[in-house]
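Please read the structure below before turning to the comments.
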Amino acid sequence: MNRKWINITYILFFALFLRLLFFVGFALGDDPNYADRVYAIIEGHYPSLCKTCVFAFRPILLFFTALPLKYFGWSEFSFILPVLLSSLISIYLIYALGKLLFDQRTGLLAAFCLAIFPLNIVHATTMSNDIMLSMLMALSMLLFLKGLEEHGKKTVVYLTLSGFVLGVSVGVKINALPVVGLFILIALLNRWQKKEFRYEVVFFLLSWLIVQALFSIAYYIKTGDFLAHIHAEINFDKEYNPSSFINKTCYLKDALLYYPKHMLSIVSEGHPGYTFYPYGFFYPVFLLAIVFFLFRREKKVVIPLIWFSYLFLMMEFTPLKLSPYYQPIHRLIRFLSIASIPALLVTAYFFKKLFEGRILAKLVFLLLIIGLFVTSLHQAYRKSYFYRDCMSDGRKAYDLIKHMPCKQVITDWEMKKVLLFYRKLDNNKIKVKSFERDRIQFLDGSIVILGGARRPDMYPGYPTEFVKSTPPKSNWVEIYEVKGKEEMWRERNLVIYKIVSKRKGLYERQMGKKDRMVLM
């Protein structure tokens, strides 16, 4: 076997090992929305396309997620398998890009950097469409750059495929739509550098436009609106305001500093008392690399720097609306995944230059690479543990009640979404209702679930509020208590009650309490 394949193969297997070691699986946030829509596809019908149904306007993501669930069965691993594969493919693509733009050693270093990038490790085993979007953009960029280097039919093939892949990525997330401007910018740069116009770029644009036209025609047939996917995204953000943006100077300042602060490790993610840095400490090193290459006037980093700058500025300043006041688009830490590949390419080339330098430069290289390796795995562990433990009570709750005869399960909205996901695993028909969004009747034979941990982005007291607002009644018999580890996101243990008839005597309820089980 060729030695270069041995090296990249080792990195890929190491990356897979890390992602399985820090496996998350089903988490809350957007995951239940995707699960419901994918389940509808498996059942044979496409989910409805309403004015705010942003998740349904991501057909490529939904169909790719449905495939393993349909053929391998409903499970957490099948649910996240397309994202996991996207993560691994991205590692190979960054290797190929590094080799194309710089050299093989840079490609291997870039692949290693992405393999240990904390955000990619953790979100590779969640339903993170940003990982898949990043992969498709990297593939499109690789094909585009190869097309610009070739001549004749190969150029046409590469550029046509590049436009097709970039066009398809809009079916993963609408954020890919304005990225076409990046490719036009790189084509113009190539024209300026090589003093020649590559007319074959027209094939890239035609391919991209054809895919957009097909999406728009399909949406028009379904909704009567050619731009329904764009309008749905805008309507969703305006109606639900997921960033909780308020038209005040301080909120605008906080929004615009959101990405820079997290990138430079000025602020961390998580709950007070348990925090972590989702990007690790890669971006401070990336900033150091930029200064290094600006000082040396290194031309090789121009394309990845333009690539990174375009995506960062797009995510940072694209307006959701300009009137009556400017409001930037919604932002989450994981959204910036699309800019990680060009940033890591520059960082890897910086490492390569240090490695080839004098003894002091080699020492700096060793300190940086070892430091990033250790801190990245530590941050990945902290974040993955955070996710897994927040979801653990939901998994335990379902395991305890799935074979329990009951008329209905009553719990809070967060727990309901967890139970509905696992219910699909066994094709269980158990009814699940929430305190907040359903009309509740506390019928005899019902199960009530209170307390426990909840998703990471909810405040720690969330489950406790339901214990306070819905105190156990006299005919609720406590049958299970799940003792979880004391963490900031678990103020009380998970407790499962069975509602018994009010006509039953005190003796029968006491017998029920006697049979109560405490699980560690």
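Remember, predicted model here, so these are calculated numbers, not experimental data.
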Begin from the C-alpha positions of Leu84 and Leu16 and carry the test side-chain contact (heavy atoms from CB on, under 4.5 Å) through to its verdict.
CA-CA 8 Å; Leu84 175 60; Leu16 177 61; 4.3 Å; yes
Member of Ser128, Ser384, Ser87 meeting the side chain to side chain contact (heavy atoms under 4.5 Å, CB included) criterion with His123
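Result for side chain to side chain contact (heavy atoms under 4.5 Å, CB included) with His123: Ser128.
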Using side chain to side chain contact (heavy atoms under 4.5 Å, CB included) as the criterion, point out the one residue from Val54, Leu133, Ile338 that pairs with Lys173.
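Single side chain to side chain contact (heavy atoms under 4.5 Å, CB included) partner of Lys173 among Val54, Leu133, Ile338: Leu133.
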Counting only heavy atoms not in [X], do more than 12 fall under 6.0 Å of its [atom1]?
X	atom1	answer
Phe442	CZ	yes
Gln441	CD	no
Phe164	CZ	no
Lys70	NZ	no

Would you sort out whether Leu419 and Ile449 count as a side-chain contact (heavy atoms from CB on, under 4.5 Å), showing the intermediate values?
CA-CA 11 Å; Leu419 298 178; Ile449 302 175; 3.9 Å; yes
Return yes if some donor-acceptor pair links the side-chain N/O of [X] with the main-chain N/O of [Y] below 3.5 Å, else return no.
X	Y	answer
Ser90	Ser86	yes
Ser376	Phe373	no
Arg37	Asn33	yes
His262	Tyr258	yes
Tyr326	Phe317	yes
Thr125	Val24	yes
Tyr259	Leu332	yes
Ser140	Met137	no
Asp130	Leu336	no
Thr375	Phe281	no

So do the side chains of [X] and [Y] get within less than 4.5 Å of each other, counting heavy atoms only?
X	Y	value
Phe117	Ser340	yes
Glu76	Arg395	yes
Val211	Val170	no
Glu316	Pro328	no
Cys406	Ile430	yes
Glu269	Ile333	yes
Ile410	Ile447	no
Val409	Lys431	no

For the student: nearest non-hydrogen atoms of [X] and [Y], plus distance:
X	Y	answer
Arg331	Leu256	NH1-CA, 4.2 Å
Leu227	Ser216	CD2-OG, 4.4 Å
Leu69	Ser78	CD2-CB, 3.6 Å
Ser434	Ile440	O-CD1, 3.4 Å
Pro178	Tyr310	O-OH, 2.6 Å
Ile91	Ile94	O-CG2, 3.1 Å

Please identify which of these residues, Arg334, Lys417, Arg58, meets the salt bridge (Lys or Arg N to Asp or Glu O under 4.0 Å) condition with Asp30.
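Option passing the salt bridge (Lys or Arg N to Asp or Glu O under 4.0 Å) with Asp30: Arg334.
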What I want to find out is whether [X] reaches [Y] closely enough, with some N-O distance under 4.0 Å, to be called a salt bridge.
X	Y	answer
Lys424	Asp36	yes
Lys51	Asp225	no
Lys416	Asp438	yes

Using the ring of each side chain (for Trp, its six-membered ring), is [X] parallel, tilted or perpendicular to [Y], with breaks at 30° and 60°?
X	Y	answer
Tyr274	Phe276	perpendicular
His229	Phe215	tilted
Tyr325	Phe245	parallel
Tyr34	Phe55	perpendicular
Phe335	His330	perpendicular

Given side chain to side chain donor-acceptor pair (under 3.5 Å), test Ser446 with Gln408 step by step and report yes or no.
CA-CA 5 Å; Ser446 299; Gln408 62 181 345; 3.2 Å; yes
CA sep, side-chain torsions, deciding dist, call: Arg490, Asp389, salt bridge (Lys or Arg N to Asp or Glu O under 4.0 Å):
CA-CA 9 Å; Arg490 183 186 288 106; Asp389 195 67; 3.0 Å; yes
Residue pairs, two or more places apart or on separate chains, that pass disulfide bond (SG atoms under 2.5 Å apart) and touch residues 35-71:
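Those involving residues 35-71 are Cys50-Cys53.
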Test side-chain contact (heavy atoms from CB on, under 4.5 Å) on Tyr283 and Ser265; report intermediate values, then the result.
CA-CA 8 Å; Tyr283 279 108; Ser265 305; over 6 Å; no
With sequence neighbours left out, write down each residue that passes side chain to side chain donor-acceptor pair (under 3.5 Å) with Asn235, or none if nothing qualifies.
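Result, side chain to side chain donor-acceptor pair (under 3.5 Å) vs Asn235: none returned.
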Of the options Phe57, Phe226, Tyr46, which is the one that meets Tyr219 in a ring-ring contact (aromatic ring centres under 6.0 Å, His included)?
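Testing Tyr219 for a ring-ring contact (aromatic ring centres under 6.0 Å, His included) against Phe57, Phe226, Tyr46 leaves exactly one candidate, Phe57.
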Check the side chains of [Y] and [X] for a donor-acceptor pair under 3.5 angstrom, ignoring hydrogens and angles.
X	Y	result
Gln327	Tyr251	no
Gln379	Tyr279	no
Asp393	Tyr398	no

Aromatic ring proximity, centroids under 6.0 angstrom, [Y] and [X]:
X	Y	result
Phe421	Phe79	yes
Trp413	Phe435	no
Phe286	Phe282	no

Please report the C-alpha distance between Arg423 and Asp426 in whole Å, then the side-chain angles of each, then the deciding distance to 0.1 Å, and finally whether the salt bridge (Lys or Arg N to Asp or Glu O under 4.0 Å) criterion is met.
CA-CA 6 Å; Arg423 190 180 70 171; Asp426 304 312; over 6 Å; no
Quick one, Met141 with Leu93, criterion side-chain contact (heavy atoms from CB on, under 4.5 Å). Give me CA distance, side-chain angles, the key distance, then yes/no.
CA-CA 10 Å; Met141 182 61 73; Leu93 290 174; over 6 Å; no
